[in-house]
Amino acid sequence: MAKRKVERRARKILGEEPVALVWCEIRPVPAPPKDVHRAAGKGPLKSRHHWLWYVGVVVFCFVIVPIILIDTLGRKFDQLLSGRSRGGQTGQPQSPPDTQRSGRRRSRKGDRGQDPANGVFDGDWDLTAGQLLLRWYGHSPSPKRLVMLTRNRICVAASPRRRLSPTKADDFRTITEFTLDQARIEGEAGQPRGYATFRLVFADGSWLEMGQLGEPEDADHFLRTVSG
């Protein structure tokens, strides 16, 4: 279960004992229309990485990638020389034109059927869920949020830190809250651990899906509470 620091902080900012709480995340925020993003203040749409992540990217791009390219080119050159010495043909056999055309058609159909919201929310940026997403990283550089339930409220809290421990965080603060006539939680108990999700559904019909639930005991209790 959540450590005492988390529980004590939750009681303090709520002013009462939470019925259930759980740390959770959203999947990457889909790209909103430029005018919508601009109207919302052009806030960040991605989490900010730790500085070590950027060091790793630089090392990969300027050290690992050149090594891989040199090794790949060397192998292809050796294969080319080997093929010429045998008098054979090099390269892979190409697919028949009809097969290539049908593959492109299937690819285009798949693109058209793809969900532009990626299952993160209902897709309407003007409704409650979309507006909450546009400001998600403006409240915290971390994708993690603590959803807390009371008898008559749903509260969402965030820590100002980029990296945090869900069991030890004690500096989170409420960033938004909803009464039970403004929002509800939809979730099923007994979901596989590590894959469990729930939806925050708003009165205007919009919804936001949350996943990567922290602390298995907290997640199980939270889902049992909302499904009951």
Side-chain angles (χ1 to χ4, degrees), residues 1-3 5-30 32 40 45 47 115 117-140 142-159 164-167 169-228:
M1 296 292 286
K3 299 298 182 183
K5 284 185 177 181
V6 177
E7 295 174 339
R8 187 163 55 245
R9 176 67 176 169
R11 284 195 298 270
K12 180 179 179 180
I13 64 177
L14 291 173
E16 60 181 297
E17 189 76 28
V19 174
L21 55 78
V22 68
W23 284 99
C24 52
E25 297 184 23
I26 54 168
R27 291 196 294 276
V29 178
L45 299 174
S47 61
D115 177 14
N118 295 329
V120 177
F121 77 122
D122 59 280
D124 192 331
W125 292 100
D126 293 324
L127 298 182
T128 306
Q131 291 295 304
L132 184 59
L133 270 184
L134 288 168
R135 296 169 174 81
W136 192 264
Y137 290 106
H139 298 295
S140 170
S142 169
K144 295 183 183 297
R145 297 292 181 269
L146 181 66
V147 176
M148 302 175 289
L149 306 182
T150 71
R151 292 186 299 273
N152 54 14
R153 291 177 294 161
I154 299 172
C155 300
V156 182
S159 167
L164 59 90
S165 169
T167 61
D170 60 355
D171 60 352
F172 53 87
R173 60 186 184 277
T174 301
I175 58 173
T176 187
E177 65 177 60
F178 305 94
T179 60
L180 297 185
D181 61 342
Q182 294 174 323
R184 68 182 187 277
I185 301 286
E186 292 183 354
E188 296 181 3
Q191 296 183 58
R193 287 184 174 178
Y195 298 95
T197 62
F198 65 86
R199 282 186 176 183
L200 184 54
V201 183
F202 302 98
D204 59 10
S206 63
W207 54 265
L208 179 62
E209 185 165 283
M210 319 285 280
Q212 298 186 20
L213 311 188
E215 292 302 293
E217 293 83 1
D218 288 339
D220 291 344
H221 175 65
F222 185 91
L223 292 174
R224 283 197 303 270
T225 300
V226 300
S227 65

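Keep in mind that the numbers below use all heavy atoms, side chains included, and drop hydrogens, waters and symmetry copies.
Looking at heavy atoms from C-beta onward, Arg145 lies in side-chain contact with Trp136 at the 4.5 angstrom threshold.
By the side-chain hydrogen bond (donor to acceptor under 3.5 Å, both in side chains) test, Gln131 is found to be paired with Arg135, residues two or more places apart in sequence or in another chain being considered. Scored by the salt bridge (Lys or Arg N to Asp or Glu O under 4.0 Å) test, Arg184 finds Glu186 as partners (sequence neighbours excluded). Listed by chain and residue number, Glu25, Ser47, Tyr137 satisfy the side-chain contact (heavy atoms from CB on, under 4.5 Å) test with Pro143 (two or more places apart in sequence, or in another chain). Under the side-chain contact (heavy atoms from CB on, under 4.5 Å) criterion, Ala183 pairs with Ile154, Phe178, Leu200, Phe202, sequence neighbours left out. Scored by the salt bridge (Lys or Arg N to Asp or Glu O under 4.0 Å) test, Arg8 finds no partners at all (sequence neighbours excluded). Qualifying side-chain hydrogen bond (donor to acceptor under 3.5 Å, both in side chains) partners for Thr197, counting only residues two or more places apart in sequence or in other chains: none. Listed by chain and residue number, His37, Leu45, Trp125, Leu134 satisfy the side-chain contact (heavy atoms from CB on, under 4.5 Å) test with Pro32 (two or more places apart in sequence, or in another chain). Checked against salt bridge (Lys or Arg N to Asp or Glu O under 4.0 Å), Arg173 has no partners two or more places apart in sequence or in another chain. Contacts of Arg27 classified as side-chain hydrogen bond (donor to acceptor under 3.5 Å, both in side chains), with partners at least two apart in sequence or in another chain: Glu209.
Evaluation of the salt bridge (Lys or Arg N to Asp or Glu O under 4.0 Å) test over residues 174-183, restricted to residues two or more places apart or in two chains, returns Arg153-Glu177. Legend: salt bridge (Lys or Arg N to Asp or Glu O under 4.0 Å) pairs involving residues 118-130, not counting sequence neighbours: none detected.
Taking the ring centroids of Phe172 and Trp23, they lie under the 6.0 Å cut-off.
Arg193 places no side-chain N or O within donor-acceptor distance of the main-chain N or O of Ala219, the cut-off being under 3.5 Å.
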